[in-house]
Amino acid sequence: MLVRLLYASRAAKALSAKSVAGILNDCQRNNPAHGITGVLCYSDEIFLQVLEGGRDAVCETFNSIVRDARHEQVRLLSFEEISERRFGGWTMGQVNIGKVNSSLLMKYAEKAELNPFAVSGKVSMSLLEELIATASVVGRSG
Ligand code: FAD
């Protein structure tokens, strides 16, 4: 039983390269063992993350993430059963939204910024798919 979960959150304090590296380190340490794949998209203050994998693994990982004090206002944007992964190439791919072409962001939002709180989960998922299609996601595994 594969599922895909999408959520958004706000960083508890302004993100630094060090704090993002710490989170990605957690992903590298835990996700392969649990069969979790996905993408973490971030700006100075906002996270947008998609997780894919078995239903139990995705739910356990999301439960941990929700309790993490490094972010707040965690909002579930979508949860669906899936027949195949879309983000299977990444233990946890990363996108620093500050480095993404502003026209790509403008395609899905009123302003060229990451704001999943202002759009539907469907729109945020389309943005993530576009980021894959334009090779904006780094950290492809193996
Ligand atoms: P542990 O207690 O050893 O937990 C390890 C991980 O395995 C936890 O996610 C836990 O829920 C999970 N787990 C435990 N048992 C099972 C099981 N039976 N099946 C499946 N999973 C199980 N951490 C991640 O591991 N993956 C992420 O993708 C991730 N993304 C994050 C994104 C953001 C924005 C933030 C702020 C944090 C993220 N974290 C992620 C970190 C997470 O919040 C925890 O801090 C981290 O998982 C704790 O890891 P640990 O090895 O110290 O703890």
Side-chain angles (χ1 to χ4, degrees), residues 1-102 104-105 107-142:
M1 164 70 71
L2 283 173
V3 300
R4 181 181 300 123
L5 183 155
L6 178 69
Y7 77 87
S9 64
R10 294 188 193 279
K13 54 184 185 181
L15 282 173
S16 64
K18 196 176 164 198
S19 51
V20 172
I23 292 167
L24 290 168
N25 194 41
D26 289 341
C27 298
Q28 300 299 337
R29 188 176 64 249
N30 298 320
N31 291 354
H34 298 132
I36 300 279
T37 55
V39 170
L40 177 67
C41 198
Y42 57 91
S43 66
D44 291 343
E45 54 172 10
I46 288 178
F47 293 109
L48 174 68
Q49 186 178 30
V50 61
L51 299 168
E52 289 178 339
R55 183 167 57 195
D56 286 346
V58 168
C59 290
E60 291 297 337
T61 299
F62 183 60
N63 287 343
S64 286
I65 291 172
V66 169
R67 289 193 297 265
D68 196 312
R70 288 173 286 187
H71 63 169
E72 53 202 20
Q73 292 181 42
V74 179
R75 297 291 179 264
L76 184 61
L77 302 180
S78 80
F79 181 88
E80 58 184 329
E81 294 175 355
I82 54 173
S83 53
E84 59 186 48
R85 297 179 194 241
R86 279 189 209 145
F87 305 91
W90 293 270
T91 293
M92 191 46 62
Q94 336 141 28
V95 183
N96 179 347
I97 216 74
K99 296 188 174 171
V100 169
N101 191 313
S102 59
L104 190 154
L105 296 172
K107 182 171 174 183
Y108 295 101
E110 292 176 25
K111 294 183 191 165
E113 60 187 24
L114 178 66
N115 190 358
F117 294 92
V119 299
S120 68
K122 203 171 166 191
V123 165
S124 289
M125 193 64 84
S126 298
L127 170 63
L128 286 170
E129 283 169 8
E130 181 101 13
L131 289 168
I132 287 183
T134 54
S136 306
V137 182
V138 300
R140 202 171 176 93
S141 38

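Just so you know, these numbers use all the heavy atoms, side chains as well, and skip hydrogens, waters and symmetry mates. Remember, it's 1-based here, ligands and their atoms both numbered in the order they're listed. Starting from 1, each residue takes its place in the sequence as its number.
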Practice prompt. Please say whether more than 12 non-hydrogen atoms of neighbouring residues, nucleotides or ligands are located less than 6.0 Å from CG in Asn25.
Written response: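 Buried by this count: over 12 neighbours within 6.0 Å.
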For [atom], tell me which residue out of [options] has the closest non-hydrogen atom.
atom	options	value
atom 23 (N) of ligand 1	Leu51, Asp56, Val74, Asp26	Asp26
atom 32 (C) of ligand 1	Glu72, Arg29, Gln49, Met92	Gln49
atom 31 (C) of ligand 1	Ile23, Val39, Asn63	Ile23
atom 49 (O) of ligand 1	Ile36, Asn30, Leu24	Asn30

Item to complete: Decide side chain to side chain contact (heavy atoms under 4.5 Å, CB included) for Val20 and Tyr42; before the verdict, give the C-alpha distance in whole Å, the side-chain angles of both, and the deciding distance to 0.1 Å.
Response: CA-CA 9 Å; Val20 172; Tyr42 57 91; 3.7 Å; yes
Fill in: Tyr7: which of Phe79, Phe62, Phe117, Phe47 passes ring pair (Phe, Tyr, Trp, His ring centres under 6.0 Å)
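Passing option: Phe62.
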Item to complete: Answer yes or no for atom 19 (N) of ligand 1: protein heavy atom present at a distance under 4.0 Å?
Response: yes
Discussion item. Quiz question for you: does at least one protein heavy atom lie closer than 4.0 Å to atom 3 (O) of ligand 1?
Written reply: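 Under 4.0 Å from atom 3 (O) of ligand 1, zero protein heavy atoms found.
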Fill in: Any N or O of Arg70 closer than 3.5 Å to N or O of ligand 1
yes
Checking contacts here: is it the side chain or the backbone of [X] that comes within 4.0 Å of ligand 1, counting heavy atoms only? Could be both or neither.
X	answer
Phe62	neither
Arg67	neither
Glu60	both

Identify the protein heavy atom lying closest to [atom], giving its residue, its atom name and the separation to 0.1 Å.
atom	answer
atom 16 (C) of ligand 1	His34 NE2, 3.8 Å
atom 24 (C) of ligand 1	Asn31 OD1, 3.6 Å
atom 39 (N) of ligand 1	Ile65 CG1, 3.9 Å
atom 27 (C) of ligand 1	Cys27 SG, 3.4 Å
atom 34 (C) of ligand 1	Tyr7 OH, 3.4 Å
atom 11 (O) of ligand 1	Ser64 OG, 2.5 Å
atom 42 (C) of ligand 1	Asp68 OD2, 3.5 Å

Whether the side chain of [X] engages the backbone of [Y] through a donor-acceptor N/O pair (distance < 3.5 Å, no angle test) should be reported.
X	Y	result
Asn30	Asp26	yes
Thr134	Glu130	yes
His71	Glu45	no

Worksheet item: Does a donor on one side chain and an acceptor on the other come within less than 3.5 Å for Thr61 and Ser64?
Response: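 The criterion, which ignores hydrogens and geometry beyond distance, is not satisfied for Ser64 and Thr61.
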Discussion item. Salt bridge check, Arg4 against Glu81: does any charged N sit closer than 4.0 Å to a carboxylate O?
Written reply: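 No, no charged N to carboxylate O under 4.0 Å.
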Fill in: With Leu128, the side-chain contact (heavy atoms from CB on, under 4.5 Å) member among Leu48, Val95, Val137
Leu48
Discussion item. Out of the candidates Ser120, Ser78, Pro116, only one should pair with Met125 under the side-chain contact (heavy atoms from CB on, under 4.5 Å) rule; please name it.
Written reply: Ser78
Discussion item. Restricting to non-hydrogen atoms, name the atom on Ala11 and the atom on Glu72 that form the minimum distance, rounded to 0.1 Å.
Written reply: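 For Ala11 versus Glu72, the nearest heavy atoms are O-OE2, 4.3 Å.
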